[in-house]
Amino acid sequence: MISVRNLKKSFGDHEVLKGINYDIAQGEKIVIIGPSGSGKSTFLRCLNLLETPTSGQIIFGDDEMNGGEDITAKGTDINKVRQQMGMVFQHFNLFPHMNILDNLTFAPVKLGKMTKEEAHEEAMRLLKVVNLEDKVDSYPGQLSGGQKQRIAIVRSLMMKPKMMLFDEPTSALDPEMVGEVLEVMKDLAAKGMTMAVVTHEMGFAKEVATRVLFMDEGVILEEGTPDQIFNNPKEDRTKEFLSKVLV
Ligand code: ADP
Ligand code: MG
């Protein structure tokens, strides 16, 4: 699905990503953990070209078919890449002046992916999945944080992405709303979506991740199954990090 080769990213003379190599196969659920400032967000943002990598390659697409496309190459259609790689952030960024239906249907209709009717139908279908069909006419300001984040996920899914990126999707939520968002993500995982998730929710990582990546100072210091990383970490930095977050 995606193959990252020697990905580097600097801001000025600050090298934030120092050579990331990683392959994510279709249907995998990668959870990325690591200390603040280690480059987790920058890594995700490079994947869907919200940041321009300084060097390296990102091969994205159907491996079996054609070996994928190097999306870091000149002339890549950035918008097309972003449509195929949905991203959900800590903050929901819904359009405050649009109701939920319009928030969901705006982009796919504008981009000509669906007719208005098709988009409406798809929005209603997805709202049912996340149990928010009664909010279709509401405005974002009338929703709780957890509800807004579930809508933000649905909004990404409207574009029928091949892969979903989540950057700390529950970190800004009140604790009682974390569960409902994680449930939606688990449901998506169970349906086979390829996912890369930065999160501090270690329970989610243990339950859902096919692989866990520990990032430190701009590199993937260690990676493995949840069992390997949580129960048998090799690196001292991983152990130290886990001892702080698991207390
Ligand atoms: P994490 O998500 O792991 O906390 P980030 O990827 O957000 O880490 O940040 C890694 C480093 O890159 C930090 O030192 C941060 O200050 C720096 N950084 C991130 N984005 C920018 C930017 N747009 N300009 C300059 N520095 C940045
Ligand atoms: Mg971050």
Side-chain angles (χ1 to χ4, degrees), residues 2 4-22 24 29-58 60 71-72 76 78 81-82 85-94 145-146 148-149 152-153 156 161 163-175 177-178 181-182 185 194-206 208-209 211-224 226 229-230 233 235-247:
I2 197 160
V4 179
R5 302 197 190 139
N6 208 17
L7 175 68
K8 295 186 182 175
K9 174 68 182 175
S10 298
F11 295 105
D13 53 12
H14 181 191
E15 189 170 58
V16 171
L17 299 180
K18 298 176 181 165
I20 303 268
N21 287 288
Y22 207 77
I24 303 174
K29 297 97 187 46
I30 304 298
V31 169
I32 302 162
I33 61 172
S36 177
S38 57
K40 305 181 297 296
S41 295
T42 304
F43 178 36
L44 283 196
R45 292 167 61 82
C46 280
L47 287 184
N48 79 344
L49 303 179
L50 282 173
E51 299 287 358
T52 308
T54 307
S55 64
Q57 289 182 307
I58 300 168
F60 178 55
I71 60 173
T72 64
T76 296
I78 291 183
V81 170
R82 292 206 190 124
M85 236 189 283
M87 182 145 181
V88 175
F89 305 88
Q90 197 168 340
H91 294 284
F92 335 99
N93 2 74
L94 299 174
K148 276 189 272 200
Q149 195 60 305
I153 294 172
S156 282
M163 178 174 183
M164 286 285 291
L165 311 176
F166 293 87
D167 192 359
E168 300 199 30
T170 60
S171 295
L173 298 175
D174 288 333
M177 292 169 188
V178 169
V181 173
L182 293 179
M185 293 169 63
T194 308
M195 296 164 61
V197 184
V198 175
T199 185
H200 300 295
E201 296 293 332
M202 299 301 159
F204 175 85
K206 286 179 187 170
V208 175
R211 313 290 293 178
V212 177
L213 273 54
F214 176 69
M215 278 188 70
D216 190 36
E217 297 185 358
V219 298
I220 298 171
L221 191 66
E222 182 166 4
E223 75 86 37
I229 297 295
F230 292 117
E235 301 287 337
D236 288 343
R237 286 288 297 130
T238 315
K239 289 176 198 166
E240 187 196 338
F241 176 78
L242 290 173
S243 73
K244 285 182 194 149
V245 294
L246 289 181
V247 285

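Values below: every heavy atom of this structure, side chains too, minus hydrogens, waters and symmetry copies. Ligands are counted one by one from 1 in listed order, and the atoms in each one are counted from 1 as well.
Residues I33 and L242 are in side-chain contact: their nearest non-hydrogen atoms beyond the backbone lie under 4.5 Å apart. Residues T170 and E201 meet the side-chain proximity criterion, which asks for heavy atoms closer than 4.5 Å. In this structure, K9 and P53 have side chains that are not in contact, with every pair of non-hydrogen atoms separated by 4.5 Å or more. Side-chain contact between L213 and V31 is absent, with no heavy atoms from C-beta onward closer than 4.5 Å. Taking the side chain as every heavy atom from C-beta outward, P161 and M85 never approach each other to under 4.5 Å.
Nearest protein heavy-atom contact of atom 17 (C) of ligand 1 is V16 CG2, 4.0 Å. Protein heavy atom closest to atom 23 (N) of ligand 1, with residue, atom name and distance, is F11 CE2, 3.5 Å. Ranking the protein heavy atoms by distance from atom 14 (O) of ligand 1 puts H14 CE1, 3.2 Å first. Scanning the protein heavy atoms around atom 3 (O) of ligand 1, the nearest turns out to be K40 NZ, 2.8 Å. The protein non-hydrogen atom at the shortest distance from atom 6 (O) of ligand 1 is T42 OG1, 2.5 Å. The single protein non-hydrogen atom nearest to atom 7 (O) of ligand 1 is S41 CB, 3.6 Å, given as residue, atom name and distance.
The closest approach between G37 and ligand 1 falls below 4.0 Å for a heavy atom of the residue.
In terms of N/O distances under 3.5 Å, ligand 1 is approached by S38. Between G39 and ligand 1, at least one N/O pair is under 3.5 Å apart.
Atom numbering of ligand 1 starts at 1 in the shown order; those under 4.0 Å from a heavy atom of S36 are 4 (O). Annotation for ligand 1: atoms under 4.0 Å from non-hydrogen atoms of P35 are 3 (O).
In this structure, the separation between CD1 on I2 and CG on N48 is 9.0 Å, given to the nearest 0.5 Å. Distance CZ/F214 to OG1/T238: 4.5 Å, rounded to 0.5 Å.
For the side chain to side chain contact (heavy atoms under 4.5 Å, CB included) with M215, the lone residue among L221, I20, T42, V198 that qualifies is I20.
Residue S41: an N/O/S atom is found under 2.8 Å from the Mg ion (ligand 2).
Side chain of Q149 to backbone of F89: a donor-acceptor contact under 3.5 angstrom is found.
Contact annotation for atom 12 (O) of ligand 1: protein present (non-hydrogen atoms, distance under 4.0 Å).
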